[in-house]
Structure formats: structure tokens, C-alpha cells
Amino acid sequence: MGKPFDIGLERLTGQASTSGAPQRVEVSGRGTFFLETFGCQMNDHDSEKVAGVLLSRGYHQVETPDAAALILYNTCSIREKAAQKVFSRLGEYREKQSEGKIIGVLGCVAQQEGEDIFKRAPWVSLVCGSASYSKLPQMIAQLEAGNHRVTGLDTDTDETFETEMTRRDNPWRAYLTIIEGCDKACSYCVVPYTRGPERSRASDSVLKEVRQLAELGYSEVQLLGQTVNSYADPTPRKMRFSELLLTVADVPGIRRVRFTTSHPSDFTPDIVEAMESQPKICDHVHLPVQSGSTKVLQAMQRTYTRREYLEKIAMIRDAKRAIAITTDIIVGFPGETEDDFRETLSLLDEVKYNSLFSFKYSPRPNTPSLAMPDAIPEEEKSRRLAVLQEKQREIQTIRNEKLVDRTFELLVSGKSRRENQWSGYTTSHVVVNFASQAKELLGTYVQVRITGATPNCLVGEQVV
Ligand code: 5AD
Ligand code: SF4
């Protein structure tokens, strides 16, 4: 939404003069599509690839459902609220179908609800989960041939979704999925069910894409996966995750390499060593803990104890350069007592995360925790969430104040409406709003001295 649209084919493919491009231009005029995305970065990036598939078939992307012949909705079902939103939005699209538009549901709700979507919303023509995206071109061809019910719901696949063309929304940072699905079995989580088993992309294919991205002018790549560090190269090369990080960082033109999300159990010392030895690998690890109580972690089937998690933290904190650590926390998991919750608070005190995402536990279909006793009342979940967020706010206030007067390199990614005001990210992924007299800075790297701090962002001025 509100993203730039008419990006030329050359920019998308990086192969303006190669044999592939003219053929794509020939099929143009097929129709228009509107694609709306909810959920995580993986969904955002899936949508970029879906848009690439459609653009390569001659479709044009438009900014409103009204202007589109094909309306696609890429959905999230990680928490109940997100899933509810899908059906209310589908309700709004009902009348659009009577105007002759084709409506499709992609992503986790598509996978979770499957053909039931046709019952609840008979105006939908396409239901496709992320594990079946590699079949999207065929599915779209079926729709074009006049088929009104097309589904892609297999999760039992060893395929990853690779496209010749990806329509990237951010001109400086490129997302790149290196591992799809999840083989962990956290008892609260729909992802193993909706995204299927773990499938890693071939390392040579990942590197080829990174080289293309660098040639297109991207200087930052973010490697994505639900458990990105569980990467297992399927080629004979058997590149380890840490090796892949180093090899990606070596690609000429690449200045920053990010990765998310890491699973604590697979976070091994060689990853920290790679970060120490290669400054292009960003100073940031997102390491979801979910709870500070070993008892709750066991009920969540998180595969580590509090002590083991803290050992991983110590390993990261012992690195030769400072590495920011962020996390995800769920409050109000079934059976979480006040003491368990206090253990989560004390973990925050111990780790002093740079920032965190926190959620109230949301019971989800097809998950083992759905049947667990001792549900926590909604008001109590809200109270715990507020207490946790207040504690983290205090931690971040102190953390960020210490950064005043220091100078950081930023990749400039935003220009404020206010004159001479810009924003960018540090390598540790903190947003800095800063002043500069420069005329154009977007996409460049600048040095900025921090002059002020709030819990969630820093203020500074460019050092010239
Ligand atoms: N309820 C609440 N939060 C959840 N998450 C995943 N499943 C649930 C659920 N059922 C959170 C976890 C995960 C993040 C992406 O979403 O914290 O790390
Ligand atoms: Fe869900 Fe756990 Fe897999 Fe993360 S590791 S996607 S929380 S099952």
C-alpha cells in the first residue's frame, strides 16, 4: 500500500538487453492486479515475488482494488486478530466480484482455511498457500482460461518459491528468502502447518540473486527465514549458514547483510565468529525467547531452557564488537503463573534487549497449545503485556541515552516532509532522524552524530 508502482522491467530483472525481457513485454496488456499484504517480512517478500510472476505475465500493478481486474490478498494467521481481518476484508470485496473481478487469497489464512474459504466467501476464485507459490504461474493460467476455482494447498513439498522476476518495493534493501517453512514445532504456532516443512534454497542460486541485486544497485540484503539460521544448503557444496553470510558479504557492491529470524537452538558460535570477522554483517541478532520461564518454554516446546538461552546471549555479548539483540515475547501462555511472568521480566533485566516485540498469547487452530488447560483471562494478558512493555521502555530509555554524542553510519532510507530532515538505519537497526543540508541523500551512507534519544528512536545531525 502506498508503494511505488511503475518500475520498469529492466529495474526488475536487471536484464534489459537479454533475451528474456522482450518476450515479457509482448504479453503486456493482460490486465491489472491489486495486491494487498498483511503480516511478516516473509509475507512482504512473498508478495514481491507474486507481483514479479504477474508482471512477467504482462499484468500491471494498480493502487486500488477498484482499478484492478485481479484482486489478491496475501494473508497472515499468526494471531487470531490478523486472521479475522482477512474475512472482514473479503466481505468488502464481495461486491467487486459481481463487477467481474477475480479475487484470490494467498498466504497463511489460505493454507489454514483451505477450500472452506470458498464456502465462507464464494466470491473467491483462488486459494493458494505459500508452499504452493511455485505453482502460481500455472494457477494463474487456469484462471485466465476461465477456471473459477483454483487451489494450491499442498504443504508436503520440497520446492522453494523462486521467480525469474521479483518486484522489489525497497530500492536499497532487498529481501531474499533462503529457507522456507519451519521444522520446529512450537506448540502455539501455525507456521509449520501453514508454511510447511523446512526447505532451504540452493546456495549458488542465493548467491546468483545477490550478485544480480548488487548489480542493480542494492547495497543491503536481508536474508529471510522463519528459522534463518537452520539453513541447510541442499547442494553438494553444503554451505553452512555462517559461510553463506560471509560469501554474501563478499559480493562486490554489498555493504550490509542482515538476517532474520534466528532460532536460539541453532545459533552456533560460528555465526558470531562470522559477524566478528566481517563488519558488513550487521550488528544485530533477532533471537526470539518467547518466555523467561523454563517451565513455560517446555510447554511451548521451544527446545531450550532459560539457562541455555542465556548462554547464547553471553556468546553474542562476548563478541569483539557490540551486537544488538532483539526478541519476541508471548505473555499469557496457558499455565503461565505470576512467578513465570516474573521470570520473563527478570530475563529482560538480565539481557537488556535493544528492543522487542511482545504479544498476548492467541490460541490458534491446529496447534497443540489449543487444548492446554489454565487459559489466562484476556484482562490478565493485557495487564502482563503492559507491565512488560513498560519495563522494556525503561530499558530502552537508558540504553538509547547512552548513545548521545556517538557517531554512527546510517543507510538513509527516508526523507521527512520537514525541510532538511532525513531518517536512516544504523547497522544495529535503530532508526535515527537527522538533520542535513544535503540536497539528496536517499540510498546513501552517511555519518550521523546522535544529539538526542527517545526509547524508540534517536535524533542526530550529519557529520560532514
Ligand atoms: N500467539 C501469540 N503470539 C504468537 N507468535 C506466534 N504464534 C503466536 C500465538 N499463537 C509470535 C511469536 C513469534 C512471532 C512472530 O509471533 O512471538 O516469534
Ligand atoms: Fe513458529 Fe516456532 Fe517455527 Fe518460529 S520456530 S515459526 S515460533 S514453530
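Everything quoted here is computed from the prediction, not taken from an experiment. All residue numbers in this chain count up from 1 along the given sequence. Start at 1 and go down the list; that is how both ligands and their atoms are numbered.
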- prompt: Side-chain donor-acceptor pair under 3.5 Å between Y188 and Q301, yes or no?
  reply: no

message: For P192, which part has a heavy atom under 4.0 Å from ligand 2: side chain, backbone, both, or neither?
response: side chain

- request: Go through ligand 1 atom by atom and flag the ones less than 4.0 Å from a non-hydrogen atom of Q290.
  value: 12 (C), 13 (C), 17 (O), 18 (O)

Side chains of T268 and D270, donor plus acceptor under 3.5 Å: yes

- prompt: Does C186 bring an N, O or S atom to within less than 2.8 Å of atom 2 (Fe) of ligand 2?
  reply: yes

task: List the closest protein heavy-atom neighbour of atom 1 (Fe) of ligand 2: residue, atom name, distance to the nearest 0.1 Å.
output: C189 SG, 2.3 Å

field: atom 7 (S) of ligand 2 [closest protein heavy-atom partner, distance rounded to 0.1 Å]
entry: Y188 OH, 3.3 Å

- request: Could you find the nearest protein heavy atom to atom 15 (C) of ligand 1 and give me its residue, atom name and distance?
  value: D328 OD2, 3.8 Å

query: Does one side chain, of T337 or D339, offer a donor that lies under 3.5 Å from an acceptor on the other?
result: no

- line: Y133 and L106 have their tightest heavy-atom pair at OH-CB, 3.4 Å

field: H286 versus D328, side-chain donor and acceptor atoms under 3.5 Å
entry: yes

message: Suppose we measure from atom 6 (C) of ligand 1 to each protein heavy atom; which comes out shortest, and what is that distance?
response: I78 CG1, 3.4 Å

- request: Just jot down the ligand 1 atoms closer than 4.0 angstrom to any heavy atom of R364, in number order.
  value: 10 (N)

message: Which of the numbered atoms in ligand 1 are under 4.0 angstrom from any heavy atom belonging to K360?
response: 1 (N), 2 (C)

message: Among L310, L287, I395, V289, which residue satisfies the side chain to side chain contact (heavy atoms under 4.5 Å, CB included) criterion with V351?
response: L310

- prompt: So which of D340, L345, T344, V331 actually passes side chain to side chain contact (heavy atoms under 4.5 Å, CB included) with R384?
  reply: V331

- prompt: CD of E115: more than 12 outside heavy atoms within 6.0 angstrom?
  reply: no

message: We want to know whether T326 and S355 form a side-chain donor-acceptor pair, criterion being a heavy-atom distance below 3.5 angstrom.
response: no

query: Can you list the ligand 2 atoms lying under 4.0 Å from a non-hydrogen atom of T227?
result: 5 (S)

task: Tell me whether C182 has at least one N, O or S atom under 2.8 Å from atom 1 (Fe) of ligand 2.
output: no

field: Stepwise salt bridge (Lys or Arg N to Asp or Glu O under 4.0 Å) check, R199 with E180
entry: CA-CA 5 Å; R199 287 103 60 205; E180 292 178 12; 3.1 Å; yes

- request: Among all protein heavy atoms, pick the one closest to atom 4 (Fe) of ligand 2 and tell me residue, atom and distance.
  value: R302 NH1, 4.3 Å

- line: The closest protein heavy-atom partner of atom 8 (C) of ligand 1 is Y188 CD1, 3.7 Å

- prompt: atom 9 (C) of ligand 1: which protein heavy atom is closest, and how many Å away?
  reply: S362 O, 3.6 Å

Under 3.5 Å side-chain donor-acceptor pair for Q389 and S358: yes

query: Considering only heavy atoms of H263, which atoms of ligand 2 have at least one such atom less than 4.0 Å away?
result: 5 (S)

T261, portion touching ligand 2 at heavy-atom distance under 4.0 Å: neither

query: Do ligand 1 and R79 have nitrogen or oxygen atoms that lie under 3.5 Å from each other?
result: yes

- prompt: Quick one: does ligand 1 sit under 4.0 Å from the side chain of I330, the backbone, both or neither, non-hydrogen atoms only?
  reply: side chain

